[in-house]
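Each ligand, and each atom within it, is numbered from 1 in the order the structure gives.
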Amino acid sequence: MTVILDGTALAATLREELRADVERLNQSGITPRLDVVQVAGDAASDWYVRAIKRACQQIGVVFNLDQLPADSTQQQILAQIHTLNAQPETHGIIVQVPLPKHIDADAVIEAIDPRKDVDGQSPLSLGRLAQSLPTFVPNTPAGGMEFLKRYNIPIAGKQAVVVGRSNIVGKPMALLLLQEHATVTIGHSRTPDLAAILRDADIVAVAVGRPGIVHGAMLKPGATVIDFGINEVGPKTIVGDVDYPSAAEVAGAITPVPGGTGPVTNMMLLRNVIRAAEGLGS
Ligand code: NDP
């Protein structure tokens with residue numbers, strides 16, 4: 001029988017664990033705080049910021065929004081990052097993307113103090129991940145790994161395929177699987193035959209942004225499928241990158257969309273903020 005990897009339930013468990021971590025930190029006089037730097041003008045980003053705020057409030061992490069006007073210059077945004085870098089009460093900093101076209105987003109993210117880079121997006125954080133050194137792991141792939149861990153899905157010695165190679169999801173997911181001793185193949189837009197690389201995969205993680213790019217006939221029976229895709233296909237209708245009905249018939253375990261990887265991502269962000277408050281990055 002196919003196991004449904006329930007992200008809503010996993011997020012609830014993680015929320016309770018993180019709340020206890022915050023209480024423990026409070027007892028030693030530390031209040032974890034996240035600062036979100038946002039340049040005004042993107043509705044999707046507004047929605048995401050509200051979700052982060054709610055998640056912080058639920059576990060007792062202080063949330064602070066540093067919203068800058070839409071016409072802010074690169075210098076103004078960098079100045080804000082430098083202020084937060086120097087501010088001891090700020091433990092974690094994230095920059096909401098997309099940034100306006102006139103802003104060099106890479107330079108902004110690179111300006112975040114690596115000890116506060118709770119999105120794990122700076123070249124230093126990703127470089128440390130590549131070298132298996134302690135670092136802040138990007139939240140979405142960290143959530144994917146959390147499913148494998150909590151559902152006791154073996155990784156070492158298994159064949160894993162990650163479809164997608166973005167710096168935010170695919171690449172770090174591949175590195176994390178490699179760190180856990182999987183044999184990892186990465187598929188991307190130039191992969192001529194996706195089905196051929198998926199055929200033997202015990203673990204399949206998909207982060208493309210195209211509904212149905214992976215379907216049941218491409219999977220090895222019993223494979224574990226982690227679907228990171230979030231695709232709006234109609235009013236209030238979200239589907240993943242994996243064709244769920246056909247994949248669920250073949251897979252041994254699968255994340256649904258919605259209710260799979262999405263809810264766990266923010267919990268991983270909060271975990272990084274708590275780790276930053278504990279001094280992980282120092
Ligand atoms: P990007 O657009 O940055 O990357 C997409 C990747 O998919 C690229 O590496 C691209 O290859 C690859 N790709 C595109 N077309 C194909 C194809 N036909 N066959 C194989 N690979 C292909 O996306 P993100 O990584 O940022 O996001 C991916 C998905 O995950 C989106 O749906 C996004 O909404 C979702 N997401 C979900 C999160 C969550 O919490 N669950 C958080 C973040 C994102 P190439 O490099 O060659 O162009």
Side-chain angles (χ1 to χ4, degrees), residues 5-11 14-15 36 42-45 47-52 54-55 94-99 105-106 109 118-121 126 129 136-148 160-177 184-199 201 204-215 217-219 224-234 236-244 247 254-272:
L5 303 172
D6 184 342
T8 308
L10 177 54
L14 289 162
R15 193 176 295 113
V36 177
D42 184 78
S45 160
W47 180 90
Y48 187 57
V49 168
R50 281 195 298 275
I52 297 173
R54 202 166 45 241
I94 61 172
V95 176
Q96 271 302 110
V97 288
L99 289 168
D106 289 342
I109 286 163
V118 289
D119 251 350
Q121 280 307 295
L126 283 170
L129 178 63
F136 294 114
V137 174
N139 306 305
T140 303
M145 295 303 288
E146 202 65 23
F147 278 101
L148 301 178
V161 170
V162 180
V163 189
R165 58 174 168 179
S166 69
N167 287 334
I168 184 168
V169 195
K171 239 179 254 171
M173 185 67 192
L175 290 170
L176 289 165
L177 287 162
V184 185
T185 304
I186 305 177
H188 47 76
S189 66
R190 309 286 181 93
T191 302
D193 187 354
L194 211 48
I197 63 165
L198 287 169
R199 198 169 293 139
V204 175
V206 192
V208 171
R210 288 196 187 192
I213 187 119
V214 170
H215 54 83
M218 300 163 94
L219 297 170
T224 297
V225 180
I226 306 288
D227 187 355
F228 292 115
I230 300 175
N231 305 293
E232 205 172 333
V233 290
K236 296 191 177 168
T237 309
I238 304 284
V239 298
D241 287 346
V242 177
D243 176 56
Y244 186 84
I254 184 167
T255 54
V257 179
T261 54
V264 178
T265 296
N266 277 349
M267 295 302 122
M268 296 295 102
L269 169 64
L270 297 177
R271 187 160 80 181
N272 276 349

Identity and separation of the nearest protein heavy atom to atom 33 (C) of ligand 1: Ile230 N, 4.2 Å
Distance-only donor-acceptor check, side chains Asn231 and Asp241, under 3.5 Å: yes
Side-chain heavy-atom pair Met267, Glu146 within 4.5 angstrom cut-off: no
Per-atom contacts of ligand 1 with Thr261, taking only distances under 4.0 Å to non-hydrogen atoms: 41 (N)
Gln121 vs Val95 side-chain heavy atoms within contact, under 4.5 Å: no
Ile168: numbered ligand 1 atoms lying under 4.0 Å from its heavy atoms: 26 (O)
Sub-4.5 Å side-chain heavy-atom contact between Val97 and Ser45: no
Minimum side-chain heavy-atom gap Val206-Ile226 below 4.5 Å: no
Protein contact of atom 13 (N) of ligand 1 - nearest heavy atom, named by residue and atom, plus distance: Val208 CG1, 3.6 Å
Protein heavy atom at shortest distance from atom 24 (P) of ligand 1: Ser166 OG, 3.7 Å
Closest approach of any protein heavy atom to atom 48 (O) of ligand 1, naming residue and atom: Ser189 OG, 3.6 Å
Residue Gly164 vicinity, atoms of ligand 1 by number, heavy atom under 4.0 Å: 6 (C), 7 (O), 9 (O)
Any residue meeting side-chain hydrogen bond (donor to acceptor under 3.5 Å, both in side chains) with Asp42, in chain and number order, not counting sequence neighbours: none
Beyond-backbone contact of Leu5 with Ile254, side-chain heavy atoms, under 4.5 angstrom: no
Nitrogen or oxygen of Asp241 less than 3.5 angstrom from that of ligand 1: no
Protein contact of atom 28 (C) of ligand 1 - nearest heavy atom, named by residue and atom, plus distance: Ala207 C, 3.4 Å
Distance filter under 4.0 Å to Ile213 heavy atoms, resulting ligand 1 atoms: 17 (C), 18 (N), 19 (N)
Protein contact to atom 44 (C) of ligand 1 [nearest heavy atom, distance to 0.1 Å]: Val169 CG2, 4.0 Å
From CG (Leu198) to NE2 (His215), nearest 0.5 Å: 9.5 Å
Heavy-atom nearest option to atom 15 (N) of ligand 1, drawn from Arg165, Met173, Arg210: Arg210
Min side-chain heavy-atom separation Val163-Ile197 under 4.5 Å: no
Residue, atom name and distance, where the atom is the protein heavy atom closest to atom 21 (N) of ligand 1: His188 C, 3.1 Å
Arg190, any N or O under 3.5 Å of ligand 1 N or O: no
Atoms of ligand 1 close to Thr265 [distance to a heavy atom under 4.0 angstrom, numbered from 1]: 39 (C), 40 (O)
Phe228 N/O to ligand 1 N/O under 3.5 Å: yes
Verdict with supporting geometry, Asn139 and Asp119, side-chain contact (heavy atoms from CB on, under 4.5 Å): CA-CA 6 Å; Asn139 306 305; Asp119 251 350; 2.7 Å; yes
Short N or O distance, Val163 and ligand 1, threshold 3.5 Å exclusive: no
Atoms in ligand 1 flagged as close to Thr140, the criterion being non-hydrogen separation under 4.0 Å: 38 (C), 39 (C), 40 (O), 41 (N), 42 (C), 43 (C)
Minimum-distance protein heavy atom relative to atom 31 (C) of ligand 1: Gly209 CA, 3.6 Å
Heavy-atom check, side chain of Leu129 versus side chain of Val137, under 4.5 Å: yes
Ligand 1 contact by Gly170, heavy-atom criterion under 4.0 angstrom: no
Any side-chain heavy-atom pair of His188 and Val208 under 4.5 Å: no
